[in-house]
Amino acid sequence: MDPVVHFRAAVCLLGRFPALAGIDLDVGAGEIVLLRGPNGAGKTTLLRAAAGLLAVVRGEAVVAGVDLTRDRRAVRRHVGLLGHDAGLYTELTVADNLRFWARAAGRPAAAGIAALDEAGVDARLHAVAVGRLSAGQRRRASLAALLVRRPAVWLLDEPHAGLDAAGRDVLDGILVDAARGGATILLASHELERATGLATRNVVVAGGQSVAVAGAARVA
């Protein structure tokens, strides 16, 4: 079976700097792959490239059947990126944001509210503008926006940041369930103890290249 995420000798430039310098990576359906490495190693660049936000200028890059070197915009309907930016409209309420994302995904507005419940967003916050939320509350709302889209590929950059212990447990459960359902998950995290427990594999990134691969706990 072909991998859902395939990079071979892939190069991405930030200006003239090769932020990805010939990275190799294959990830299949149902895997949770933890990207490890120091700041500046290329983890975020890899996630943004997989989301079609950065151009791959050399090598091979295919995500969910889309050749990123030819039409990287086409991949965006298949992936969901949870990064440092919440990806929400700060002037809209939490509920209005989720209704918007539900409609964008071709789902009923009620699915957005259900996703908020699944992500553990307190119902009292539904009518609050996103701009007034705490960092942890905003993170949960962003997770709900990802949930309602049901992407084939989940791309997560420090997903536990800003969450309390209960929120981290909710996130972990959602990721395990998504992988069991066949989603492909890449996450970059410095929360190594927690993230390693989730991952089916660890990939160490350094200098814009994958330098080591190690097994980890399997998703049951």
Side-chain angles (χ1 to χ4, degrees), residues 1-12 19-37 41-56 58-83 105 118 143 146-160 171-206 208-220:
M1 183 179 294
D2 291 337
V4 178
V5 175
H6 168 75
F7 285 83
R8 188 70 71 242
V11 175
C12 282
L20 292 183
I23 199 164
D24 296 328
L25 181 67
D26 288 308
V27 186
E31 283 198 273
I32 303 176
V33 170
L34 169 61
L35 304 175
R36 300 176 57 167
K43 305 184 301 298
T44 295
T45 300
L46 176 59
L47 294 174
R48 288 175 60 79
L53 299 177
L54 294 174
V56 176
R58 287 196 298 278
E60 301 173 7
V62 179
V63 174
V66 176
D67 186 341
L68 301 182
T69 66
R70 296 185 178 185
D71 184 11
R72 60 189 171 98
R73 294 180 184 275
V75 81
R76 296 178 190 176
R77 69 176 67 96
H78 304 291
V79 304
L81 174 64
L82 180 61
E118 188 173 353
L143 178 60
L146 187 62
L147 268 169
V148 78
R149 293 176 58 196
R150 296 182 177 176
V153 180
W154 295 45
L155 305 167
L156 310 168
D157 196 357
E158 300 294 345
H160 297 97
L171 170 61
D172 291 353
I174 287 170
L175 295 183
V176 169
D177 287 345
R180 286 174 177 160
T184 299
I185 300 173
L186 275 73
L187 69 120
S189 178
H190 291 297
E191 304 253 355
L192 295 183
E193 182 175 354
R194 178 176 286 272
T196 299
L198 289 172
T200 56
R201 276 192 293 145
N202 296 330
V203 173
V204 179
V205 180
Q209 297 180 322
S210 49
V211 296
V213 178
R218 289 281 168 184
V219 177

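Basis for what follows: all heavy atoms, side chains included, without hydrogens, waters or symmetry-related copies.
Of the inter-residue distances, the one linking S210 atom OG with I23 atom CD1 reads 5.0 Å to the nearest 0.5 angstrom. Between atom CD of residue E158 and atom OG1 of residue T44 there is a gap of 7.5 Å, rounded to the nearest 0.5 Å. Put simply, CD1 on I185 and CD on E31 are 10.5 Å apart, with the number rounded to the nearest 0.5 Å. One finds the CG atom of L20 at 8.0 Å from the CG atom of L54 (value rounded to the nearest 0.5 Å). Annotation: the span from L175 atom CG to R180 atom CZ amounts to 11.5 Å, rounded to 0.5 Å. Between atom NE2 of residue H6 and atom CG of residue D26 there is a gap of 5.5 Å, rounded to the nearest 0.5 Å.
Counting all heavy atoms, side chain and backbone alike, A178 lies closest to W154 at CB-CZ2, 3.7 Å. The minimum heavy-atom distance linking H78 with V66 is given by the pair CD2-CG2, 3.9 Å. V79 approaches A51 most closely through the heavy-atom pair CG2-CA, 3.9 Å. When all heavy atoms of A64 and V153 are compared, the closest pair comes out as CB-CG2, 4.4 Å. Between L146 and L81 the shortest heavy-atom distance is CD1-N, 4.1 Å. Between P159 and A188, the shortest heavy-atom contact is CD-O, 3.6 Å.
Between L156 and L186, every side-chain heavy-atom pair lies at or beyond the 4.5 Å cut-off. With contacts defined as side-chain heavy-atom distances shorter than 4.5 Å, the pair L35/L187 does not qualify. Side-chain contact between T196 and N202 is present, with at least one heavy-atom pair separated by less than 4.5 Å.
At distances below 3.5 Å, at least one donor-acceptor pair connects side-chain atoms of T184 with backbone N or O atoms of G28. T69 contributes no side-chain N or O that, together with a main-chain N or O of V56, makes up a donor-acceptor pair within less than 3.5 Å. Using modelled atom types, one side-chain atom of Q209 and one backbone atom of A21 make a donor-acceptor pair closer than 3.5 Å.
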Q: Begin with the C-alpha distance, continue with both residues' side-chain angles, and end with the deciding distance and a verdict on side-chain contact (heavy atoms from CB on, under 4.5 Å) for L25 and R8.
A: CA-CA 7 Å; L25 181 67; R8 188 70 71 242; over 6 Å; no
Q) side-chain contact (heavy atoms from CB on, under 4.5 Å) between V63 and R72: does it pass, once the steps are laid out? A) CA-CA 9 Å; V63 174; R72 60 189 171 98; over 6 Å; no
Q: Would you sort out whether D172 and R194 count as a side-chain contact (heavy atoms from CB on, under 4.5 Å), showing the intermediate values?
A: CA-CA 9 Å; D172 291 353; R194 178 176 286 272; 2.5 Å; yes
Q: Decide yes or no on side-chain contact (heavy atoms from CB on, under 4.5 Å) for L143 and L171, but give the supporting numbers first.
A: CA-CA 8 Å; L143 178 60; L171 170 61; 3.7 Å; yes
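In this structure, D157 does not pair ionically with K43, as no charged nitrogen and carboxylate oxygen lie closer than 4.0 Å.
In the displayed structure, R76 atom CZ is contacted under 6.0 Å by more than 12 heavy atoms of other residues, nucleotides or ligands.
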